[in-house]
Amino acid sequence: MPEKPDYKATLNLPRTSFPMKANLAQAEPATLKRWQSQGMADAVAKAREAAPAFVFHDGPPYANGSIHVGHLLNKVLKDFVVRTAIMEGRRCHYIPGWDCHGLPIEHRVMTGLVESGKAAKLETLSADHRRMAIRRECAAYAEKFIKTQAVQMQRLLTLADYDHPYYTMQPEYEAGTLEVFAVLLERGFVFRQLKPVHWSIANRTALAEAELEYEDRVDPSIFVDCEACDRERVNAAFSTQCECTPSFMIWTTTPWTLPANLAIAVHPREQYALCEMDGALTVIAASLVEKVAKVVGAESVSVKAHALGSALVGLEYRHPLCDRLGRIVAAEYVTMEDGTGLVHTAPGHGEDDYRTGLREGLPIYCPVKDDGTFDETAPEWLHGKDVWAGNVLVIERLKSSGHLVHALQFTHSYPHDWRSRTPVIFRATEQWFIGVDRPGNHGGSSLRTMALEVVNSSVKFFPEWGRNRLRGMLDSRPDWCISRQRSWGLPIPAFSLPDGTAFMTSASVRAVAKCIKTAGSDAWFTMSPAQLLADYDLAADPAAPDGLDLSTLTKMHDIFDVWFEAGSSWNSVMRARSLGYPSALYLEGSDQHRGWFQLSLLPALGVTGQAPFEALVTHGFLVDKDGRKMAKSLGNALEVDTLLKDFGAEVARWWVSSVSYDGDIRIDLDFFRVAGDSYRKVRNTLRFLLSNLFDAPAWSADEALKMALAAPRESLCGWLLGELSQLERDVRAAFAEYDFRRAHLAIFNFCNDTLSAGFCVAAKDRLYCDSADSPRRRHAQAAMRITMEVLCRLLAPFLPHTAEEAWMALRGEGAPLLFAQTHLGISRERDERWAAVRAAVASVTKALEVAKEMGIDNPLDAGVTVPDPQGVLAPFLPELADLCGISQVTLDRAGASVVVRDLRTDESAQRCDRSWRRDGTVKRRADGGLLSDRDAAVVGV
RNA sequence: GCGCCAGUAGCUCAGUUGGCUAGAGCACACCGCUGAUAACGGUGAGGUCGAUGGUUCGAGUCCAUUCUGGCGCACCA
């Protein structure tokens, strides 16, 4: 028996250097290094030099700590935007930024200084020197983490101008921020007003929430009667005819704030009772009568009448300590849990009281000085006494005047200064504000009006509900308090006049800005007022007060709210660097509706009258796989380093592209495994295409496209081209709407279904067994080449490393830069007849499944007859066997269902030794092998 | 407590203006291939659409209430 010829060597089997295993954790850092050394960012910029710009602007993350998965999500989504814009042929100069100033850093630095004992030494320095010492530490801290984060962000394969980033602490940036401020000042949006803040008496400074420690403290708790002014109006409110004058009973744990009492707040929809308590007529919340009676030890109580809180509003009472009247006001925050349901209101000593005071037009009265003692506006028996002594004196006074109903000791949690561990007080101080309801003096509307207008009409929102959310927040936001009493920040360049009033005009701000632009904001702490105002021309400043003597000025020491700095980036970065204004897009987490989105919008409208962004994209927050928020303290936080080590940046990016980012995003290691599987599927599909192009002619992309389009529409290649063209359109449309998930799914399904399960399986026979240069094979190769060209471009935004790796495998040495390419824009309409063909293939597959049970395991052993009553399948007949993965197909216009034949029992359908197919032409050839006509011809026997 | 958002197969998600036996991918199970091979192909099972009530001939889809979770705000004299 002659030895059977081995035909394997005569086949065109696939070959490629593109590895099946991506090995991303090692390969990505190498790619990154190559990009950096060959100046990828510059090369891309150069390729798009003359292209129309896509203006995209980075919201600055805070320069604190390592990046977490939230940064990963945000930065990767932004990179998708950048890279999709570039692949669309746009110029996208993307500048990464960092927010550097602010309390979190200063707080950490201070904690470090306290722990190392250096803080005590600071106390010996002058105020400016102390501030400078702190600022130097803070700047070093910020720089350190900027460096760390920049490396980590680049490791995510993000494309940005990392050589020229922006920091809010850069001198030019600071000057740009002051420029925004100067215009707002000029237009009358800025004003100074009292506002209560947490105040440390020991350190004579305002404190932020983070600087407070809550500790238990024992304070006096007192019930005080405030006598009504007009008995008849009270009688009217309760529909009674009492002969005595009633009192309103209030409760407080800070008796020292009573001298600042200007009002009593009631809940408008709660019931209040007029009752007789041990002979005195008193008003208390109805639901609290019993409780209060018990606490104050009343012996007899009887309720005379009820009235709604709203009926009491407007009534007046005599202040129990001072010679003035107060009035009853309504407030929603009044509760029935403690006290009397009538809340002592001192707008200078409490946040709620303050807002109520503003609303009611009450003065923000604060008779307490920065050293914690009463000033001369307080009753004279309190002058010079501190507030804690004031507590005792007030109680004594109330007792002797008969206003004190009851006093007891009360233990509660009370805020303390974290450094001196002394109790803090709420004290009104002068702060700077940007008014949202002031019309401005340049004839425009208020910031709120302008903001609502652009949010309602011109700004685009992705997703759309962002509009609603931002609108709601703009509706309810109060004036913006932009001053902070700290060291680490951009100084508000205001000076103090001898009479204590503030001096600051747009011209003086611009003069200071000039210093800061060269010397940085440190200049404020190292230079004298005269030096800072060297460029200020008093005579030319109409806004300066009459008779101003510059030599009498001293520097004030408030700094800006960091949000004002970040909110000026459209000017400090985009306009200062001539990158274009407004931005096409801001993209941040949904928390930035309150933060950066809103606080960029307001200053920008005040200065330019235009929103700084044309569209807003928001993403949700990452939560764990059970939908719980992620936190280190909960132990459910994923480390970015772990992800990169175990999966690589591209699997992470592939995962990001797969999520629906509006709303919460669940994240778990398992999801990365899924993304990894899906990535591998795509990679293998690319590999199959590449490996079958090993001997393809050196077509240009145009030539390949022409070749592929020349294949008959009824051929496998004709079908693929239609699908490919559709894919390209779908993905680009999804990109345009920032719907990355839709793009991801379209690409994956194309690779998985159209290619892997469809085209690749069907094309194998011609690729492997046809003669190398048969037209059929070359058409297939041309189609595959074009498919690769398109896929590399479509994948590039998601998988820059893999897309480039495939691109170089495709184009070989000297391949042009992938990111200098643009989409091909293949125009080939889908041929609708293919729907019928795909349906026929599906019915054959089904039939084969049944045939398996009859023993036909291998589809190549099957021949099939397919019904084709309308004759639509006829033109596709030459491709049907390959499409079904079987050996023979015949069509039957009279057939009703698919009929499967077992070709193993058919003498005329032997198996070809080379192609393994039973196409009916197989016979013994000269070399002793069983070959079909096609294979015999290829082998040459 | 207030505003915005989400709740559909084990997991991630589609379900357009109310009209289907509620779909897809993954995972899973089973089968095939062994010339994409630590690959590839096929088939299959899986859901009372968070809960309750209502509008309607008809609701995953509209309305009300409620539960769970997320973001932001407020949180007490």
Side-chain angles (χ1 to χ4, degrees), chain A residues 7-8 11-14 16 20-21 221 250-254 257-258 261 264-265 331-346 349-353 355-356 412 426 463 465-473 475-477 589-595 598 618 620-623 625-630 655 658-660 662-666 668 670-671 673-675 677-678 680-681 684-692 741-742 744-745 748-749 752-753 756-758 760-761 764-765 767-769 842 845-846 848-850 852-853 856-860 885 914-916:
Chain A
Y7 294 109
K8 189 162 176 174
L11 296 170
N12 312 300
L13 290 181
T16 180
M20 183 180 282
K21 211 169 164 314
S221 156
I250 59 173
W251 175 73
T252 182
T253 55
T254 51
T257 62
L258 278 179
N261 173 284
I264 293 173
E332 294 286 334
Y333 56 78
V334 173
T335 67
M336 299 297 130
E337 279 155 37
D338 291 304
T340 61
L342 291 96
V343 175
H344 153 55
T345 298
H349 289 303
E351 184 66 33
D352 281 338
D353 306 42
R355 270 196 303 279
T356 301
H412 60 162
F426 239 104
W465 53 257
R467 187 186 308 280
N468 220 349
R469 188 169 158 98
L470 189 52
R471 186 196 294 131
M473 289 178 173
D475 265 331
S476 62
R477 75 148 301 131
S590 62
D591 55 336
Q592 300 304 331
H593 287 104
R594 169 71 56 185
Q598 184 180 158
T618 34
F621 274 67
L622 295 173
V623 294
K625 68 177 195 308
D626 301 317
R628 305 277 161 178
K629 106 201 263 171
M630 297 209 106
W655 171 77
S658 77
V659 303
S660 27
D662 48 323
D664 309 336
I665 301 151
R666 291 170 195 247
D668 188 69
D670 273 338
F671 301 172
R673 282 183 203 110
V674 171
D677 287 346
S678 146
R680 243 169 277 127
K681 177 78 204 192
N684 257 317
T685 308
L686 295 177
R687 182 165 182 268
F688 179 87
L689 299 181
L690 282 169
S691 65
N692 283 291
R741 176 181 166 80
R742 210 171 88 217
H744 172 107
L745 289 176
F748 178 78
N749 287 334
N752 198 26
D753 301 345
S756 192
C760 296
V761 168
K764 274 181 183 177
D765 175 73
L767 288 168
Y768 298 169
C769 305
T845 316
K846 272 259 162 54
L848 287 171
E849 200 63 29
V850 177
K852 254 187 202 173
E853 277 156 33
I856 308 179
D857 281 337
N858 189 337
L860 284 177
R914 186 165 176 274
S915 66
W916 301 339

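First the proteins, then the strands, lettered A, B, ... as listed; each starts at 1. Remember, it's a predicted structure, so these values are computed and weren't measured experimentally.
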Engineer: What's A/Val343 touching, base or sugar-phosphate or nothing? Going by heavy atoms closer than 4.0 Å.
Structural biologist: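 Base, at least one base heavy atom under 4.0 Å.
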Engineer: Check this one for me: any side-chain N or O of A/Arg467 less than 4.0 Å away from OP1 or OP2 of B/G3?
Structural biologist: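 False: A/Arg467 side-chain N/O out of range (4.0 Å or more) of B/G3 OP1/OP2.
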Engineer: Tell me whether the ring of A/Tyr768 lies stacked over the B/A36 base, given a 5.5 Å limit on centroids and a 30° limit on the plane angle.
Structural biologist: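 Not stacked by the 5.5 Å and 30° rule.
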Engineer: In whole angstrom, give me the gap between the C1' atoms of B/U37 and B/A22.
Structural biologist: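 My reading of the C1' atoms in B/U37 and B/A22 gives 38 Å.
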Engineer: Between P on B/A14 and CZ on A/Arg742, what's the gap in Å once rounded to a whole number?
Structural biologist: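 Atom-to-atom, A/Arg742 to B/A14, this comes out as 12 Å.
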Engineer: What is the distance, to the nearest angstrom, from the CE atom on A/Met473 to the C1' atom on B/C4?
Structural biologist: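 So the CE-C1' distance, A/Met473 to B/C4, works out to 7 Å.
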Engineer: Can you tell me, in whole Å, how much space there is between the P of B/U12 and that of B/C63?
Structural biologist: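 26 Å, rounded to whole Å.
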Engineer: The side chain of A/Asp352 lies closest to which of these nucleotides: B/A36, B/G32, B/C75?
Structural biologist: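 Of all the options, the side chain of A/Asp352 is nearest to B/C75.
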Engineer: How many angstroms lie between atom CG of A/Leu767 and atom CG of A/Asn12, to the nearest 0.5 angstrom?
Structural biologist: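 Taking CG in A/Leu767 and CG in A/Asn12, the distance rounds to 8.0 Å.
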Engineer: Rounded to the Å, how far apart are A/Asp353 CG and B/A74 P?
Structural biologist: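 From A/Asp353 CG to B/A74 P: 15 Å.
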Engineer: Give the rounded distance in Å between these two atoms: CZ of A/Arg594 and C1' of B/C5.
Structural biologist: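 Rounded to whole Å, this separation is 16 Å.
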Engineer: What nucleotide, of B/U12, B/U43, B/A39, holds the atom closest to the side chain of A/Thr845?
Structural biologist: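 From the listed options, B/U43 comes nearest.
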Engineer: In whole angstroms, how far is the C1' atom of B/U12 from the CH2 atom of A/Trp655?
Structural biologist: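 Taking CH2 of A/Trp655 and C1' of B/U12, I get 11 Å after rounding.
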Engineer: If B/C73 has a Watson-Crick or G-U wobble mate with both distances under 3.5 Å, name it; if not, just say none.
Structural biologist: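 Because both required distances fall under 3.5 Å, B/C73 counts as paired with B/G1.
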Engineer: Does B/G60 have a Watson-Crick or wobble partner in any strand here, with both distances under 3.5 angstrom, and which is it?
Structural biologist: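 Paired with no nucleotide.
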Engineer: Nearest to the A/Lys764 side chain among B/C33, B/C11, B/A36, which nucleotide is it?
Structural biologist: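 The listed nucleotide nearest to A/Lys764's side chain is B/A36.
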Engineer: Going by atom types alone, do A/His344 and A/Thr257 pair a side-chain donor with an acceptor below 3.5 Å?
Structural biologist: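 Checked: A/His344/A/Thr257 side chains pair up, N/O donor to acceptor below 3.5 Å.
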Engineer: With syn defined as a glycosidic torsion within 90 degrees of 0 and anti otherwise, which applies to B/G46?
Structural biologist: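 This nucleotide is in syn.
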Engineer: Base, sugar-phosphate, or nothing: which does A/Trp251 touch, judged by heavy atoms less than 4.0 Å apart?
Structural biologist: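 Touches a base.
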Engineer: Under a 4.0 Å N-O cut-off, is there an ion pair linking A/Lys852 with A/Glu849?
Structural biologist: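 Yes.
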Engineer: With rounding to the nearest 0.5 angstrom, report the NZ to CZ distance, A/Lys8 to A/Arg914.
Structural biologist: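 So the gap between those two atoms works out to 13.0 Å.
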Engineer: Does a side-chain N or O from A/Lys681 land closer than 4.0 Å to OP1 or OP2 of B/C40, or not?
Structural biologist: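 Checking A/Lys681 against B/C40: at least one side-chain N or O falls below 4.0 Å of OP1 or OP2.
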Engineer: Looking only at side-chain atoms of A/Asn858, point me to the closest of B/U34, B/G70, B/A36.
Structural biologist: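 So the nucleotide nearest the side chain must be B/U34.
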Engineer: Pick the closest RNA chain B nucleotide for A/Val334 and for A/Trp465 by heavy atoms, then say which residue is nearer the 5' end.
Structural biologist: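 It is A/Trp465 whose nearest nucleotide is closer to the 5' end.
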Engineer: From the list B/U37, B/G69, B/C4, which nucleotide is the closest neighbour of the side chain of A/Asp664?
Structural biologist: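 So the side chain of A/Asp664 is nearest to B/G69.
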Engineer: Compare every heavy atom of A/Thr685 with every heavy atom of A/Ser756, then report the nearest pair and how far apart it is.
Structural biologist: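 In terms of heavy atoms, the two residues are closest at CB-OG1, 4.3 Å.
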Engineer: Testing the basics here: between A/Asp662 and A/Pro463, what is the closest heavy-atom pair and its distance to 0.1 Å?
Structural biologist: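 Looking at all heavy atoms of both residues, the shortest contact is CB-CG, 3.6 Å.
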Engineer: Using the C1' atom as the point on both nucleotides, what is the distance between B/C71 and B/A45, in whole Å?
Structural biologist: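 These two C1' atoms come out 39 Å apart once rounded.
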Engineer: Examine the base of B/C71 for any acceptor or donor lying under 3.5 Å from a partner atom in the side chain of A/Arg469, and report the outcome as yes or no.
Structural biologist: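 Such a pair exists between side chain and base.
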Engineer: Roughly how many Å is it from CG in A/Asn692 to C1' in B/A36, rounded to a whole number?
Structural biologist: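 One finds 8 Å between C1' of B/A36 and CG of A/Asn692, rounded.
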Engineer: Please report the distance, rounded to the nearest Å, between CD1 in A/Ile856 and P in B/G41.
Structural biologist: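 Roughly 22 Å, once rounded to whole Å.
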Engineer: How far, in whole Å, is B/C57 from B/G15 if one measures between their P atoms?
Structural biologist: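 One P to the other, the span is 29 Å.
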Engineer: Tell me whether the side-chain N/O atoms of A/Lys21 come closer than 4.0 Å to OP1 or OP2 in B/A36.
Structural biologist: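 So the side-chain polar atoms of A/Lys21 never come under 4.0 Å of the phosphate oxygens OP1 or OP2 of B/A36.
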Engineer: Which whole number of Å gives the distance between the P atom of B/C67 and that of B/U52?
Structural biologist: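 Their P atoms lie roughly 15 Å apart.
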Engineer: Please measure how far the C1' atom in B/G46 lies from the corresponding atom in B/C62, and state the result in whole Å.
Structural biologist: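 One C1' to the other, the span is 30 Å.
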Engineer: Tell me which nucleotide among B/C73, B/G41, B/G32 gets nearest to the side chain of A/Asn752.
Structural biologist: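 Side chain of A/Asn752 sits closest to B/G41.
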Engineer: Is there a Watson-Crick or G-U wobble partner for B/G44 with both distances under 3.5 Å, and if so, which one is it?
Structural biologist: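 Paired with B/C28.
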Engineer: Using atom C1' of each nucleotide, how far apart are B/G32 and B/C13 to the nearest Å?
Structural biologist: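 Between the two C1' atoms, the distance is 30 Å.
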Engineer: With the side chain of A/Lys846 defined as its heavy atoms from C-beta on, choose the nearest nucleotide among B/G72, B/C13, B/U43.
Structural biologist: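 In terms of side-chain proximity for A/Lys846, the closest of B/G72, B/C13, B/U43 is B/U43.
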Engineer: Which nucleotide sits closest to the side chain of A/Arg355: B/C75, B/G41, B/U12?
Structural biologist: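 Closest nucleotide to the A/Arg355 side chain: B/C75.
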Engineer: If the cut-off is 4.0 Å, is A/Arg680 near the phosphate of B/A39, judged by side-chain N/O to OP1 or OP2?
Structural biologist: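 Answer is no, no contact under 4.0 Å.
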Engineer: Which nucleotide sits closest to the side chain of A/Asp677: B/C13, B/A27, B/C11?
Structural biologist: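 The nucleotide sitting nearest to the side chain is B/A27.
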Engineer: How many whole angstroms separate atom CD1 of A/Ile665 from atom P of B/C11?
Structural biologist: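 The answer, rounded to whole Å, is 18 Å.
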Engineer: Rounding to an integer number of angstrom, what distance separates B/C31 and B/G69 when you compare their P atoms?
Structural biologist: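 My reading of the P atoms in B/C31 and B/G69 gives 44 Å.
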Engineer: Got a donor-acceptor contact below 3.5 angstrom from the A/Asn752 side chain to the A/Phe748 backbone?
Structural biologist: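 No: the side chain of A/Asn752 does not pair with the backbone of A/Phe748.
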Engineer: Both A/Cys760 and A/Thr254 contact RNA chain B. Taking the nearest nucleotide for each, which residue is further toward the 5' end?
Structural biologist: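 The 5'-side residue here is A/Cys760.
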Engineer: Looking only at side-chain atoms of A/Asn684, point me to the closest of B/C40, B/C13, B/C33.
Structural biologist: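 Comparing B/C40, B/C13, B/C33 against the side chain of A/Asn684, the answer is B/C40.
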Engineer: Using only heavy-atom distances, decide whether a donor-acceptor pair under 3.5 angstrom links the side-chain of A/Ser756 to the base of B/A36.
Structural biologist: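 Such a pair exists between side chain and base.
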Engineer: Would you call A/Arg355-A/Asp352 a salt bridge at under 4.0 Å N-O?
Structural biologist: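 Salt bridge present between A/Arg355 and A/Asp352.
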Engineer: To the nearest 0.5 Å, what is the distance between OG1 on A/Thr345 and CG on A/Asp353?
Structural biologist: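 So the gap between those two atoms works out to 5.0 Å.
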